[in-house]
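In what follows, every heavy atom counts, from backbone to side chain, and hydrogens, waters and symmetry copies are set aside.
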Amino acid sequence: MISPLRKRPWLAAASLLLAVSGPAPAESPGSSVPQAPAADGSVSAALGEVSAERMRAGIEKLASFGTRATLSAQDPASIAAGRGIGAAREWIEAEFERYAKDCSGCLEVKTDSFTEPAADRIPQPTEITNVYAVLKGTDAENEKRIVLVTGHYDSRNSDPLDGKGDAPGANDDASGAAISLECARVLSKLRFPATIIFLTVAGEEQGLNGSHHFAQMAKEQGWNLEAVLNNDIVGGDKSVEQDHSVVRVFSEGLPAAATEQEIRRIRGLGGENDSGSRQLARYIAEAGRSYDVGVKPILVFRLDRYLRGGDHSSFNQQGFAAVRFTEFREDFRHQHQNVRTENGIEYGDLAKFVDFDYVARVARLNAASLASLASAPAPPANVHLLTKDLENDSTLTWEASPGRLASGYEILWRSTTSPEWEHVEKVGDVRRTSLKLSKDNVIFSVRAVDAKGHRSLPVVPLPER
């Protein structure tokens with residue numbers, strides 16, 4: 001019998017972490033272990049509509065365009081012939097429009113087109129188009145809060161400058177684009193206080209061009225973008241050593257947009273593990289416990305895979321909380337390879353290597369996270385930990401959650417060596433609380449809760465003297 005730790009290496013890592021982290025901090029009177037919020041029945045029903053067959057149809061359709069390389073054809077004749085990135089773009093836009101029609105116009109379908117100047121992987125100025133759909137929030141005070149899901153629809157083969165050869169890109173990243181589309185289809189049947197954007201970007205393989213432009217636009221226009229979920233290589237490649245029960249969630253530590261002064265403060269406080277992106281990753285793990293999505297998110301505390309990158313980093317660079325979903329074990333014979341067979345080994349990113357049931361499970365986790373975020377009140381504002389006097393107790397203050405959805409607040413804390421929140425205390429509709437816990441030994445945060453139990457992203461306090 002194969003040891004569970006050998007079959008699932010992340011279990012061994014988790015066991016080691018628990019062994020070395022030491023005992024959990026003492027509980028405060030009235031505190032408890034954080035429990036995942038109860039599932040929302042309407043969201044559960046929507047998740048049940050996520051279809052592996054639809055994932056298959058979407059991924060196979062995107063692969064059928066032959067190549068979706070950013071440098072491939074996008075002229076009218078090629079679009080009519082169904083080959084190249086232009087044809088893929090038109091199909092994605094038509095799918096979003098179809099979902100909008102099904103929900104009586106609840107989705108606003110948009111494109112973000114720009115000309116990328118010549119660069120290392122852009123031999124000549126090239127038009128790049130992001131396609132997205134907006135499900136506007138229903139609450140006048142919360143509709144400007146935005147959560148976003150994305151995947152890139154461009155592809156590549158062995159040569160990133162080859163705009164003519166086949167590059168089906170089924171896993172990288174038709175799988176991620178298909179998740180954005182499927183989330184739009186099922187969640188557009190519901191309504192949320194905050195706004196959800198379903199995005200597909202191009203230019204990823206040439207240098208994150210599409211996401212860079214979109215994130216910069218969001219920053220320049222002052223969007224209140226609370227969370228970005230990037231899905232890239234989530235096809236669950238059918239390699240022997242794949243673990244189809246888990247999906248990796250990568251998140252940055254030190255924020256890319258932090259100033260030198262902010263970095264010094266983070267280091268001084270021991271907050272390297274508490275960026276907005278880390279809080280988002282923990283929130284996704286909690287959503288995965290609330291809903292039966294069929295796949296477990298495992299948190300990887302690293303910006304991305306080792307020395308590699310993705311579209312979420314474009315949002316990180318603009319100061320937004322953003323994470324990346326990726327299958328547990330990539331098969332590099334099926335990524336960035338020309339389609340061919342050598343010595344009996346098949347190369348190329350073909351749809352037949354994708355596990356469509358797995359993609360559907362990852363789509364459910366994304367949809368559950370988006371719905372939870374868009375249903376919740378805004379995070380509390382100006383959260384502080386008082387430090388004027390030397391004392392062993394800890395006093396936190398905050399301002400009300402903007403938008404008037406919150407009915408109360410909760411204090412979370414954990415050992416400095418623990419990956420997730422270990423304790424929670426409900427404090428009601430107040431703006432200040434003191435706990436019999438030393439700020440030296442734990443990390444605190446505050447989150448808002450509404451009357452139905454929806455919980456905001458947690459906010460780690462800043463010191464106030």
Side-chain angles (χ1 to χ4, degrees), residues 10-11 14-15 17-18 21 23-47 147 192-193 226-227 245-247 249 251 273-274 278-299 323 361 364-380 383 394 396 398 401 405-430 433 435-437 442-461:
W10 60 271
L11 284 175
S15 299
L17 178 62
L18 290 172
S21 63
E27 293 188 23
S28 172
S31 74
S32 61
V33 176
Q35 299 295 317
D40 183 311
S42 61
V43 173
S44 293
L47 300 184
V147 296
F192 304 96
E226 290 186 355
S245 70
V246 300
V247 61
V249 180
S251 59
N273 198 22
D274 281 284
R278 289 282 156 87
Q279 307 310 341
L280 175 57
R282 294 180 177 112
Y283 193 99
I284 291 165
E286 189 173 67
R289 292 189 287 269
S290 291
Y291 293 92
D292 182 16
V293 298
V295 66
K296 176 183 174 64
I298 55 173
L299 308 187
V323 300
R361 294 195 292 272
R364 291 187 190 102
L365 176 59
N366 273 263
S369 301
L370 292 167
S372 298
L373 288 160
S375 299
V383 181
S394 298
L396 297 101
W398 59 93
S401 162
L405 292 180
S407 60
Y409 299 88
E410 295 178 343
I411 310 300
L412 299 166
W413 67 92
R414 68 177 200 278
S415 160
T416 60
T417 56
S418 297
E420 294 195 56
W421 300 110
E422 296 173 304
H423 300 286
V424 61
E425 185 161 327
K426 298 178 181 180
V427 296
D429 189 13
V430 299
T433 194
L435 298 171
K436 295 288 184 181
L437 290 168
V442 300
I443 304 291
F444 288 108
S445 70
V446 183
R447 67 184 177 192
V449 185
D450 72 6
K452 295 182 179 179
H454 299 121
R455 298 165 182 175
S456 76
L457 285 165
V459 180
V460 173

Answer yes or no: is there a donor N or O on one side and an acceptor on the other, between the side chain of Arg364 and the main chain of Val295, under 3.5 Å? no
For the residue pair Ser456 and Arg447, confirm or rule out a side-chain donor-acceptor distance under 3.5 Å. no
Do Thr416 and Val442 pass the side chain to side chain contact (heavy atoms under 4.5 Å, CB included) test, and can you show the C-alpha distance, the side-chain angles, and the key distance before you say yes or no? CA-CA 5 Å; Thr416 60; Val442 300; 5.8 Å; no
Please report the interatomic distance NE2(His423) to OG(Ser415), rounded to the nearest 0.5 Å. 9.0 Å
Min side-chain heavy-atom separation Asn273-Arg414 under 4.5 Å: yes
Is there side-chain contact between Phe444 and Leu437, with heavy atoms separated by less than 4.5 Å? yes
Specify the closest pair of heavy atoms between Tyr291 and Asp40, including all atoms of both residues, with the distance to one decimal. OH-N, 2.9 Å
Report the C-alpha distance between Glu420 and Arg289 in whole Å, list the side-chain angles of each, state the deciding distance to 0.1 Å, and finish with yes or no for salt bridge (Lys or Arg N to Asp or Glu O under 4.0 Å). CA-CA 13 Å; Glu420 294 195 56; Arg289 292 189 287 269; 3.2 Å; yes
How long is the span from the OG atom in Ser245 to the NZ atom in Lys296, to the nearest 0.5 Å? 9.0 Å
Heavy-atom side-chain contact between Tyr409 and Val430 under 4.5 Å: no
Could you tell me whether the side chain of Ser401 and the main chain of Ala378 form a donor-acceptor pair under 3.5 Å? yes
Measure across Trp413 and Val424 and return the closest heavy-atom pair with its distance rounded to 0.1 Å. CZ3-C, 4.3 Å
Closest approach of Asp450 and Leu405, non-hydrogen atoms and distance? CB-O, 3.2 Å
Closest non-hydrogen atoms of Tyr283 and Arg455, given as atom of the first, atom of the second and distance, are OH-O, 2.8 Å
Less than 4.5 Å apart, side chain to side chain, heavy atoms only: is that true for Val293 and Leu47? yes
Nearest-0.5 Å distance, CH2 of residue Trp398 to OG1 of residue Thr433: 5.5 Å
May I ask you to test the Ser445-Val459 pair for a side-chain heavy-atom distance under 4.5 Å? no
Paired with Trp421, the side chain to side chain contact (heavy atoms under 4.5 Å, CB included) test is passed by just one of Glu286, Glu410, Gln279, namely Gln279
Output yes when Arg361 and Asp292 qualify as a salt bridge under the 4.0 Å nitrogen-oxygen rule, no when they do not. no
Do the non-hydrogen side-chain atoms of Glu422 and Val33 ever get within less than 4.5 Å of each other? no
Testing Val246, Val323, Leu365 one by one against Pro297 for a side chain to side chain contact (heavy atoms under 4.5 Å, CB included), which residue passes? Leu365
Can you name the nearest heavy-atom pair linking Asp274 to Ile443, along with the distance? OD2-CG2, 3.6 Å
Heavy-atom pair of closest approach, residues Leu280 and Leu457: CA-CD2, 3.9 Å
